[in-house]
Amino acid sequence: MIILPRWGLTRPIINGIISPKCNVRCYASSSKATLGHREEEEEGEGEGEGEEKGWETVVGLEIHAQLKTGRKLFSTASTSYGETPNTNVNLHDSAFPGTLPVLDLHAVRLSLITALALKCQVNPRSTFDRKHYFYHDIPASYQITQHYNPLARNGKLPIIKGDNNVKRSFDVGIHQLQIEQDTAKSQTVGENVLVDLNRAGTGLMEIVTEPDMRSAEEAGAFVRKLQGLLRRLGSGDGDMEKGNLRVDVNVSVHRHGTPFGTRCEIKNINSVRFLQAAIESEKKRHISHYLTSPSIPLKQETRGLNELTLQTFSLRSKEVATDYRYMPDSNLPAISVDPGYIDKLQDELPEMPWDSVDRLMILYGVSKRDVETLIGLDEYHFLGIKYYEDVVKGDDKKIAKKAMNWIVHELLGQIGKSGITWSPTLIPAELMRELVIAVEINKITGTTGKSLIKHLISMSIPPTTESTPSFTTLEEALEAAGLKIDDTVIDLEELSRKAISNQPKSVADYKKGNEKVIMRLIGEVMKLSKGTADAKKVKDVLVKLLNEI
């Protein structure tokens, strides 16, 4: 066991949340928990066809999620995306001699709420360490991370049967969550290596899972669920396309009842599709090796993914562990979090996406797909969910399903055709509620409701010369759209006679006892009146005329 002192830990850095531990000794007797492959058997997906039958795939993930703070972890430089190379750089980011790291406390808070949402146990004392290696993308020749004492451990994220087509419900264990800084971005052009320091020092959460996943679909489900969690908390945007969430995946295979096989790691996966392709490629490669060369051990190595062929390729051998010479960072004090602060953060956690889905399905009987559509309108603040609940008014279950259909299929359908972005102010919740109820009590027809939605959306399509008017009542909106119900200027009996004349088959069906066909006749009257007739009164007139025939 090596005992190393910390020096210079004398200044406070946090106001009641994180306190410096002066003259603390750091025990370097253990190393970061490697993503091991446990020996217990779990329910899996190993019943494939052909060569894959009888084999089980074992998958674990290491995820690097960028913290949504707007600044770097130990400097005030911006983390805005797409800037000119080497413009968002502080002296500390470039490892200028004499500069010292200053921890961003907001990054710590975001990491803590993420750990709590993942049901992790927050470490009462976590520390920062230096991971030494020499490469173009690391100016200081070491990365500040949390190797020995991470921020949190022992969490879980539930995966439900049906998520991303997975075939079972289970929990993915979270081995640990730690805070660390990102490296710079390097690119080899000919004989030159180009380095962009804009990303250097950006705050990351490294989330290491247990090897609990048994298929590519399960791994994909986990990443998608984690993206939703990060966005809901506001701790990250999970944007894999921009590199704000990157995945390293560990894959091995074994036959049921045998020890886990040799694992290989595929680095820097930047989409769920590529993640699943990498796992499938590795699974087939491992099984083929064990079948064709059973006496030759599979080589443990780090691999990459060819995004064109969707096949993995070797990068370097991992049979000899890299010596990163981890040591405590003497410039950063330990992080100690008050239990009361943890309780406060726990109480402030918002409802998670999967909990919202379950609640609305149970409360209103709506479909999972429709609720997820509402969540997708705003994954950070759940404005789509709030809009729906404002329309339904909490306990009005009578219109709950109808309201969901009008919002998801009619409103969002028209918005999709128009190419504009949804906003809760586009058609206010109170106005949408009035519309749904009016259709339900036959005050207006569904056709009139659809025409009104189409009209209101058309008023918001740019370019517009005037600001979009706001309506406080349904009557005002109908009048502005030329759809106002006004029985004083139309002859309902005359229009009803025309409708009966235009729909002889419907009349015959009605006389035979099929009373439902009267809706066709009502629709015909509404068409003739251009939506201005009162549907309830129209029905009364039609029934009277049909009974006289």
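In what follows, every heavy atom counts, from backbone to side chain, and hydrogens, waters and symmetry copies are set aside. Quick caveat: nothing in here was measured; it's all calculated off a predicted structure.
Between E372 and R369 there is no salt bridge, since no side-chain N of the basic residue sits under 4.0 Å from a carboxylate O of the acidic one. Of the charged side-chain nitrogens involved, at least one lies within less than 4.0 Å of a carboxylate oxygen, so that E218 and R168 count as a salt-bridged pair. Comment: K386 engages D390 in a salt bridge, judged by a side-chain N to carboxylate O separation of less than 4.0 angstrom. By the 4.0 Å N-to-carboxylate-O rule, R246 lies close enough to D182 to be salt-bridged with it. A salt bridge does not link R231 to D378: none of the charged nitrogens lies less than 4.0 Å from a carboxylate oxygen. Using a 4.0 Å cut-off between charged nitrogen and carboxylate oxygen, R263 and E265 do not count as a salt-bridge pair. Salt-bridge check for R232 with E351: failed, with every basic side-chain N at 4.0 Å or more from each acidic carboxylate O.
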Fill in: Criterion ring pair (Phe, Tyr, Trp, His ring centres under 6.0 Å) on H254 and F260, from CA distance to verdict
CA-CA 5 Å; H254 73 119; F260 287 1; 4.7 Å; yes
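E56 contributes atom CD, which lies 9.0 Å from atom OG1 of T258 (distance to the nearest 0.5 angstrom). Rounded to the nearest 0.5 Å, atoms OG1 (T209) and CG (L61) are 4.5 Å apart.
Side chain of N198 to main chain of N86: a donor-acceptor pair is present (N/O by atom type, distance under 3.5 Å, no hydrogens or angles).
You'll find the ring centres of F74 and F128 inside the 6.0 Å limit.
For the pair I415/I420, a side-chain contact is recorded, criterion being any heavy-atom separation below 4.5 Å from C-beta on. Residues V208 and R153 have side chains not in contact (no heavy-atom distance under 4.5 Å, counting atoms from C-beta outward). Residues L345 and R109 form a side-chain contact, since some pair of their non-hydrogen atoms from C-beta on lies under 4.5 Å apart.
Between the side chains of T262 and Q300, not a single donor N or O lies within less than 3.5 Å of an accepting N or O. For the residue pair E348 / Q346, no side-chain donor-acceptor distance below 3.5 Å is found, with atom types taken as modelled. With no hydrogens or angles considered, a side-chain donor-acceptor pair links D370 and S367 at under 3.5 Å.
Listed by chain and residue number, E52, E280 satisfy the salt bridge (charged side-chain N to carboxylate O under 4.0 Å, His left out) test with K283 (two or more places apart in sequence, or in another chain).
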Which atom pairs, donor and acceptor, lie under 3.5 Å between side-chain atoms of residues 96-108 and protein residues at least two apart or in another chain?
from, atom 1, to, atom 2, distance (Å)
T99, OG1, F96, O, 2.7
D104, OD1, H106, N, 3.2

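Residue E241 places its CD atom among 12 or fewer non-hydrogen atoms of other residues, nucleotides or ligands, all under 6.0 Å distant. In K185, the NZ atom is not crowded: 12 or fewer heavy atoms of neighbouring residues, nucleotides or ligands sit closer than 6.0 Å.
Evaluation of the side chain to side chain donor-acceptor pair (under 3.5 Å) test over residues 70-81, restricted to residues two or more places apart or in two chains, returns K72-D93, S75-D93, S78-S80, S80-E83, S80-N88.
Both the sub-6.0 Å distance and the 45° axial angle are satisfied by R130 relative to the ring of Y142.
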